[in-house]
Each structure stands twice: as C-alpha cells, then as structure tokens.
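Proteins get letters first, then strands, A, B, ... in listed order; numbering begins at 1 in each.
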There are 2 protein chains.
Amino acid sequence: MDDQLSRVFSALADPTRRDMVARLTAADATVNELAEPYDVSVQAVSKHLKVLEEAGLVSRSREAQRRPVHLEAEVFDLMTKWIERYRRRAEERYRRLDDVLAEMDTEQPTPRPDSERGAS
Amino acid sequence: MDDQLSRVFSALADPTRRDMVARLTAADATVNELAEPYDVSVQAVSKHLKVLEEAGLVSRSREAQRRPVHLEAEVFDLMTKWIERYRRRAEERYRRLDDVLAEMDTEQPTPRPDSERGAS
DNA sequence: ATCGTGTTCAACCCCTGGGTTGAATGAGGG
DNA sequence: CCCTCATTCAACCCAGGGGTTGAACACGAT
C-alpha cells in the first residue's frame, strides 16, 4: 500500500469509513461526534480517520481541544479519473467489437490489431 | 467485506489488480497471459482474478482448456455513482458555505441549518 | 495547579490477504 | 490411453488491518 490511489481505494473499501465520508459531506465533525453512531471505541474511529487522512480524503484542523475533521473532495477526482479512463477504453473496445462483428457478416479473416497497454 | 461496493473498492486497492483491469480494457486474456508480466506465481494471479470476479469486475468463459478473462465495465458505475453522489454533496456544501460567508459580511447570528445524512 | 474533556499512542489479539509450493483436476492432441 | 498444458485446490507463512484496553498528551475551565 504505497501509492495514493491504492490508499484511497483501500480507505473506501471499509463500510464504516465510507459512512464517515458520507456524513462528512453534510458537515465537519469531531472524532467523538463521528464515533457516536458506531458501537466501536473512539480509538478505533481515530484509527479510521488516520487512514482517511493518509489517503488525503480528510484533513484536520485544530480548534481548542477539538480537531474537527474536514472532507477533502478533490481526491475523489483521482479515482474518477482512473475509473473513467479505463471504462472509456473498455466501452471503446466494445464499440470496436461491434464493428468487427458487423464486418464478420461480410468479410472473413479479421486479424487482431491488438491495442496499446497502460499501467496503473 | 460483505457488500459489493466494499468488494469493488477492495479489489481495486491492489496495484497488481488495477493493472490487470487496465490490461483487460485492451483485450480479454487468459490467466497465464495475465501472469506473464508480474514476477509472482500463476496461482497468485489466479487468486487475484478470483477477487476481481467476486467483485463483479470480471467474468470468465470457457474456451477449450483456457478460461479467458473478460472485463465487466458495468460495475464501474456502482463506484462512480457512490463517488459522484457524495462529491456533489460536498461541493454543494462548499457553495452553501460561500453563501454563509457572504452573508456574514452583512448579518450576524447565522444559525446552523444542519443538513440531512446518508449511509453507504 | 488541578481537573475534565477530547484525542492519540502503545501493546496486544485475532483474522484476513497476498504470497509460496505441491498436488489435483480439466480438456485437447498424440 | 497417456501426455501435456492451463487452471485451480490445499496447506502453509507472514505482514498488516481492525478491534480492544490502558496510559499519555493537549488544552480550557475552575
């Protein structure tokens, strides 16, 4: 778990953390406020927040003794970009496949113009 | 790890699996083909595929001895929907915040019309 | 200085995840 | 029928994740 994208996906793989993110879209909150609905210890929630913070999904300021948690929406774009990029490719491929299938009604051999690759 | 959203996020939290998905947008592939670039055993890759399959990201048909792996792009929408939903809320909140800040130049008390919640 | 509240650190437990190797199964091809 | 290739199952190892409890730390209030 080193790159940011891994951290973000991993952070959101946990239902509790997703719920926290969901709640933070409504308003900033403190650790204790966030912990209240779940029946786990405050420390556990603090750990969850650490994960979200290291993923860049959340930031914390200091305000008296409290450390309000604030959602950072920009990181969502990182995921969206990754997802859209490959979904687009996949769909494009299906489009090509349709073309191929359409051609197969008329022509025969249809070689394999195997396309470019891309890593994460 | 029970619900599908968790499985999808969790599946994509692994760089190797993301890379497989990326490569599968170009063309279907067999387990061995997929395993080739990585220096892990074929069994390990087979396990990765199982994870992707259980997340619904991938399907496998049978073609002679081979079991070509095929990307299922629809599941991406599940994530996109979740992400967009909460990003939208977050942005809307910022918009409201701007309004509040603008009002603070003129008025004083500004109560807290705390908004609705939503779970995963 | 002291207390109380909010938050985090530390040590520990247990279970899952990703990796390994070795053997089993499936499905043509000789 | 037997061999070979592709894939999966099984057993195991080790690191890390999520949970716990108990102590420490950081402030504000008294």
*Asks:* Give a yes/no answer on whether the side chain of Ser41(B) brings an N or O atom under 4.0 Å of OP1 or OP2 in dT20(C).
*Replies:* yes
*Asks:* Would you indicate whether the side-chain heavy atoms of His70(B) and Val58(B) approach each other to under 4.5 Å?
*Replies:* no
*Asks:* Can you find a heavy atom in the side chain of Phe9(A) that is under 4.5 Å from one in the side chain of Asp14(B)?
*Replies:* no
*Asks:* For Leu24(B) and Ala29(B), which heavy atoms make the closest approach, and how far apart are they?
*Replies:* CD2-N, 3.8 Å
*Asks:* Side-chain contact, heavy-atom cut-off 4.5 Å: Val75(A) with Met79(A)?
*Replies:* no
*Asks:* Are any of Arg60(A)'s side-chain N or O atoms less than 4.0 Å away from OP1 or OP2 of dT8(C)?
*Replies:* yes
*Asks:* How close or far is atom P of dG6(C) from atom CD of Glu33(A), stated in whole angstroms?
*Replies:* 10 Å
*Asks:* So if I take residues 42-57 of chain B and measure heavy-atom distances to DNA chain C, which residues fall below 4.0 Å?
*Replies:* Gln43(B), Ala44(B), Lys47(B), His48(B)
*Asks:* Name the pairs: protein N/O against N/O of nucleotides 27-30 of chain D, kept only if under 3.5 Å.
*Replies:*
from, atom 1, to, atom 2, distance (Å)
dG28(D), O4', Gln65(A), NE2, 3.1

*Asks:* Can you check whether Asn32(A) has a side-chain N or O nearer than 4.0 Å to OP1 or OP2 of dT7(C)?
*Replies:* yes
*Asks:* Strictly distance-based, threshold 3.5 Å: is any side-chain N or O of Arg87(B) a donor or acceptor partner for the main-chain N or O of Phe76(A)?
*Replies:* no
*Asks:* Can you give me the closest heavy-atom contact between Pro68(B) and Glu63(B), atom names plus distance?
*Replies:* CG-OE1, 3.7 Å
*Asks:* Using distance alone, with no hydrogens and no angle criterion, decide if Asp3(A) and Ser6(A) have a side-chain donor and acceptor under 3.5 Å apart.
*Replies:* yes
*Asks:* Asp14(B) has an atom CG; how far is it from atom P of dG16(D), in whole Å?
*Replies:* 14 Å
*Asks:* Is there a side-chain polar atom (N or O) of Arg67(B) under 4.0 Å from OP1 or OP2 of dT8(D)?
*Replies:* yes
*Asks:* Regarding Thr30(B), tell me which of base, sugar-phosphate or nothing describes its non-hydrogen contacts under 4.0 Å with the strands shown.
*Replies:* sugar-phosphate
*Asks:* Answer yes when Glu53(A) and Arg60(A) have at least one side-chain N-carboxylate O distance shorter than 4.0 Å, and no when they do not.
*Replies:* yes
*Asks:* Looking at Asp28(A) and Arg67(A), is there a salt bridge between them, counting it only when a charged N and a carboxylate O are closer than 4.0 Å?
*Replies:* no
*Asks:* dT8(D) P sits how many Å from Leu34(B) CG, rounded?
*Replies:* 11 Å
